[in-house]
S.K.: 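Could you have a look at this structure, given as structure tokens, before my questions?
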Amino acid sequence: MQTAFEMEPRARALTADQKDYLFPWVRPYYSEPLALSSGEGVWVRDVEGDEYLDLFAGILTTSLGHCHPAVLDAVGTQMGKLGHTSALYVTEGQIEAARSLAEITPGALRSTCFTNSGTEAVESAIAAARLYTGQHEIVALRLAYSGRSTLTSHMTAQGAWRLPGGGVDGVVHARSPYSYRSPVGGGPEATSFFIDDLVEVIETTTGGKPAAFFAETIQGVAGVIVPPPDYFQQAAEVIRSYGGLFISDEVQAGFGRSGEQWFAIQHWGVEPDLMVMAKGIANGYPVGATVARPEIAETWQGPSISTYGGNPISMAAMRATLDVMKSENVPSRAAERGAQLRAGLEALRSSYGWIGDVRGMGLMQGIEIVTDRESKTPDGDRTGALLEAAREERLLIGRGGLNGHVIRIGPSLLITEDELAEGVRRLQSACRRADG
Ligand SMILES: Cc1ncc(COP(=O)(O)O)c(C=O)c1O
């Protein structure tokens, strides 16, 4: 197995200073943290000048790659023009960003409010759903990750990610549509198994009138959990039959990442009532967006404000990001490169008995690591070793899963065929190191 990475002096000094000055929850990956200083496309450099191939993109966020010239240009121009206004004034940039979003969101979704993070986008969606329905309870999914505020950390359903000190009122959790670990597997009975649980949770743990069902279309932090194909159709029908709204969280899976479609929910022909987005929306600049049907947005008259929400610089970054995404047709690129990545991961699975499952859509893929395929016991230790081994290979990948036992891959949507092939080669070498 992999030995600990030898840290260079500059990185060691920065890591010591980080410990001194930052909260300990600001916790970097790796036994010897990696200090990055620059990036271009899918490549990043550490403070010592070593180059890494980035297949995790700052948690699926630098959707066009690091320092994309069109985004740099738009941000630079905007900074020299008007850097901040607050939401008290009208700016063209914010309106055009919302228009640009409405062009690609499904169905009647059209009205947007901008914030600065996924957490705030989720908070805004929940508030809007509660105002519109006049109801309070929220049905979320187990294994969800929804953010770090009090509400969203308790919509999150992985113990380690919750803020300490009990839950919040009015949030219940249905079973995650996690076929690999469900007693019925991923076969034809899977959907009814998960849907029956959703109904039972509503019937037994709510007053029968939930405000909304809230779900990530592909559960990311949970380890790239893709639901059975008819799951969301049926889940949306269920929540609407109880008078609630369906909110889809596209923070990770949105903006073409799942391949072919702009948003993952579109694969299953479902029109959500609200949608939340962040991460890849602005190539790393802080933007959260909550998009709603206009009549839902209409019920939230305020007052409410986000000082930085819709900030001109963030909006310029977002518009430039969406423009490039549209002109490069990233959904179809992600489908093509996703198929290439998936083939590479499946080949690894056929070589190593400790790879229990390979799953995902487009350029959002996961590898579930187990002690053996028979018992399916999650193997967080080997996953940690694989993460470190990948770093030795100068390859950045991510980690997730309740037991830290899933490798997550989500590179720039503009990654080329050669770059991805190189990434798969490095991952193969890392697997060899972690084997044994
Ligand atoms: C699916 C999902 N929703 C919401 C969030 C919260 O986003 P942020 O970290 O920008 O607050 C995350 C963050 O990882 C996420 O993955």
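Order of appearance sets the numbers: ligands from 1, and atoms from 1 within every ligand. Both backbone and side-chain heavy atoms feed into the values below; hydrogens, waters and symmetry mates do not.
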S.K.: Can you find a side-chain donor-acceptor pair between Gln18 and Thr15 that sits under 3.5 Å?
M.R.: no
S.K.: Looking only at protein heavy atoms, which one is nearest to atom 1 (C) of ligand 1, and how far off is it?
M.R.: Asp249 OD2, 3.2 Å
S.K.: Pairs of nitrogen or oxygen atoms closer than 3.5 Å, one from Glu216 and one from ligand 1: do any exist?
M.R.: no
S.K.: For residues Arg408 and Gln252, is any side-chain donor paired with an opposing acceptor at under 3.5 Å?
M.R.: yes
S.K.: For Lys279, is the nearest heavy atom under 4.0 Å from an atom of ligand 1?
M.R.: yes
S.K.: Tell me: protein heavy atom nearest atom 11 (O) of ligand 1, and distance?
M.R.: Thr119 OG1, 2.5 Å
S.K.: If we ignore angles and hydrogens, is there a donor and acceptor under 3.5 Å between the side chains of Tyr242 and Glu203?
M.R.: yes
S.K.: May I ask you to identify the nearest protein heavy atom to atom 8 (P) of ligand 1, giving residue, atom name and distance to one decimal place in Å?
M.R.: Gly118 N, 3.4 Å
S.K.: Can you sort out which atoms of ligand 1 are near Ser117, meaning under 4.0 Å from one of its heavy atoms?
M.R.: 10 (O), 11 (O)
S.K.: With a cut-off of 6.0 Å (strictly less than), are more than 12 heavy atoms of other residues, nucleotides or ligands near CZ of Arg110?
M.R.: no
S.K.: Can you tell me if Ser146 has a non-hydrogen atom under 4.0 Å from ligand 1?
M.R.: yes
S.K.: With a cut-off of 3.5 Å and sequence neighbours excluded, list every side-chain donor-acceptor pair involving residues 65-77.
M.R.:
residue, atom, partner, partner atom, Å
His66, NE2, Asp54, OD2, 2.8
His68, ND1, Ala70, N, 3.1
Thr77, OG1, Asp73, O, 2.8

S.K.: Tell me: protein heavy atom nearest atom 16 (O) of ligand 1, and distance?
M.R.: Gln252 NE2, 2.8 Å
S.K.: Determine whether the side chains of Ser149 and Thr152 contain a donor N or O and an acceptor N or O closer than 3.5 Å.
M.R.: yes
